[in-house]
Amino acid sequence: MRRFYKEVTLGQQPGGWQVLLDGRGLKTVGGAPQIVPTQALGETLAAEWRRQGEKIDPASLPLRDMADYAIDVAAPDPAALAEGLIAYAETDTLCYRADPDEPLHTRQQELWEPLLGAFEAAHGITLVRVNGVLHRPQPPEAMAAIRSRLLALDPFALAGVETMAKLAASLVTALCALDAQQEDEPLALWRMACLEEDWQADLWGRDEEAEQRRTRREGDFLRACGFARLARS
């Protein structure tokens, strides 16, 4: 599609902020006004549209797509989205460790255990650690506490957490990234979630295509984290 607008502005609306193209407010793919909760997120969305050239590249509008998803999918039924995310808590990467006699297990203990322990303390829960790949259920009371945490999130934060959890195969990582206090913390969390992948790559050699996919996934994770955090600022 050729660029059909000249001016990109941001207008304050009841309930938030909306990107305006030549004075007309954007709508979601579902037809709802694309109103986001903070000016910071609105300005970031506007920047995507300002960067477009003579032709619009849909792939260069990822935050627009996330906003549409938050409004059209997450907002109407946050409980359904939260319930789907519980599956990532049931099989969270950080809970599944190598066998104790393997060198990887020592590294997982060093990096994952402090993070997982802090998450448990913050939420008043205990999660089951598993050696190997066979599934073991998590305590129902722990899943109930995490479900309550998810339901307390606004649709935009929930959409960002879902994207992060899917990419990291870890809901714990996603929620910790959402709550991160330091600017570089989300990247460190992402790399911790990729520990086993990096371990195997270092052991058997790195593949260029796999590295490119990893870089794209890292970018998607950090973008989703930024989206969710901007929606709360």
Side-chain angles (χ1 to χ4, degrees), residues 69-70 73-182 185-200 217-218 220-222 224-225 227-229 231-232:
Y69 184 81
V73 179
D77 195 355
L81 199 61
E83 202 58 42
L85 281 170
I86 290 298
Y88 290 91
E90 282 281 3
T91 58
D92 200 288
T93 289
L94 302 189
C95 293
Y96 283 76
R97 316 284 173 84
D99 290 331
D101 59 346
E102 296 180 17
L104 175 58
H105 181 269
T106 301
R107 189 63 175 152
Q108 289 170 331
Q109 288 291 108
E110 291 173 352
L111 291 183
W112 288 356
E113 193 57 32
L115 176 62
L116 195 57
F119 180 85
E120 290 173 317
H123 292 80
I125 61 175
T126 300
L127 296 172
V128 174
R129 279 70 161 164
V130 180
N131 295 120
V133 296
L134 292 180
H135 173 66
R136 286 178 59 190
Q138 294 291 348
E141 58 273 17
M143 296 300 97
I146 293 175
R147 185 180 291 105
S148 295
R149 170 74 197 283
L150 292 171
L151 290 173
L153 298 177
D154 66 80
F156 293 86
L158 196 57
V161 166
E162 182 188 44
T163 297
M164 289 190 284
K166 287 181 176 180
L167 288 165
S170 169
L171 182 56
V172 170
T173 298
L175 289 172
C176 288
L178 181 67
D179 294 337
Q181 300 299 310
Q182 304 299 323
E185 198 173 344
L187 178 57
L189 288 164
W190 163 257
R191 289 176 176 171
M192 276 194 277
C194 295
L195 170 61
E196 189 170 355
E197 181 180 342
D198 286 339
W199 184 275
Q200 295 298 331
R217 287 166 45 227
E218 179 180 292
D220 291 342
F221 180 92
L222 295 176
C225 183
F227 175 88
R229 289 163 67 85
R232 307 172 82 192

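This is a predicted model, so every value here is computed, not measured.
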Using 0.5 Å steps for rounding, measure from the OH atom of Tyr88 to the CD atom of Glu162. 7.0 Å
Taking Arg229 for its side chain and Ala177 for its backbone only, find out whether a donor-acceptor pair lies under 3.5 Å. yes
Can you give me the closest heavy-atom contact between Thr91 and Ala87, atom names plus distance? OG1-O, 3.1 Å
Measuring from atom CD of Glu110 to atom CG of Leu195, what distance do you get when rounded to the nearest 0.5 angstrom? 9.5 Å
Any donor-acceptor pair under 3.5 Å linking the side chain of Arg97 with the backbone of Cys95? no
side-chain contact (heavy atoms from CB on, under 4.5 Å) between Met143 and Ile125: does it pass, once the steps are laid out? CA-CA 9 Å; Met143 296 300 97; Ile125 61 175; 6.0 Å; no
Checking Gln138 side chain against Val128 main chain: does a donor-acceptor pair fall under 3.5 Å? yes
Residue pair Leu94 / Leu116: nearest heavy atoms and the distance that separates them: O-CD2, 3.9 Å
If a pair satisfies ring pair (Phe, Tyr, Trp, His ring centres under 6.0 Å) and one of its residues is in residues 93-116, list it, with sequence neighbours excluded. none
Rounded to the nearest 0.5 angstrom, the OG1-CG distance for Thr173 and Leu178 is 12.5 Å
Of all the heavy-atom pairs spanning Phe119 and Ile146, show the shortest one and how long it is. CE2-CD1, 4.1 Å
What one should report as the nearest heavy-atom pair of Cys176 and Leu115 is SG-CD1, 3.7 Å
Has Thr93 got a side-chain atom pairing as donor or acceptor with Ala169's backbone, closer than 3.5 angstrom? yes
Under the salt bridge (charged side-chain N to carboxylate O under 4.0 Å, His left out) rule, collect the residues that match up with Glu102, sequence neighbours excluded. none
Strictly distance-based, threshold 3.5 Å: is any side-chain N or O of Gln181 a donor or acceptor partner for the main-chain N or O of Asp179? yes
Say you draw a straight line from CG of Leu111 to OG1 of Thr106; how long is it, rounded to the nearest 0.5 Å? 11.0 Å
What is the distance from atom CZ of Arg149 to atom CG of Leu151, rounded to the nearest 0.5 Å? 11.5 Å
Closest heavy-atom contact between Ala231 and Phe156? CB-CB, 3.5 Å
State whether the side chain of Gln108 and the backbone N or O of Ala98 hold a donor-acceptor pair below 3.5 Å, judged by distance alone. yes
Within 6.0 Å of CZ in Arg107, more than 12 heavy atoms from elsewhere: no
Please walk me through it: do Leu81 and Val161 pass side-chain contact (heavy atoms from CB on, under 4.5 Å)? CA-CA 10 Å; Leu81 199 61; Val161 166; over 6 Å; no
NZ of Lys166 to CG of Leu171: how many Å apart, nearest 0.5 Å? 12.0 Å
On a heavy-atom basis, the closest approach of Gly132 and Asp99 is N-OD1, 4.2 Å
All side chain to side chain donor-acceptor pair (under 3.5 Å) counterparts of Glu141, not counting sequence neighbours: none
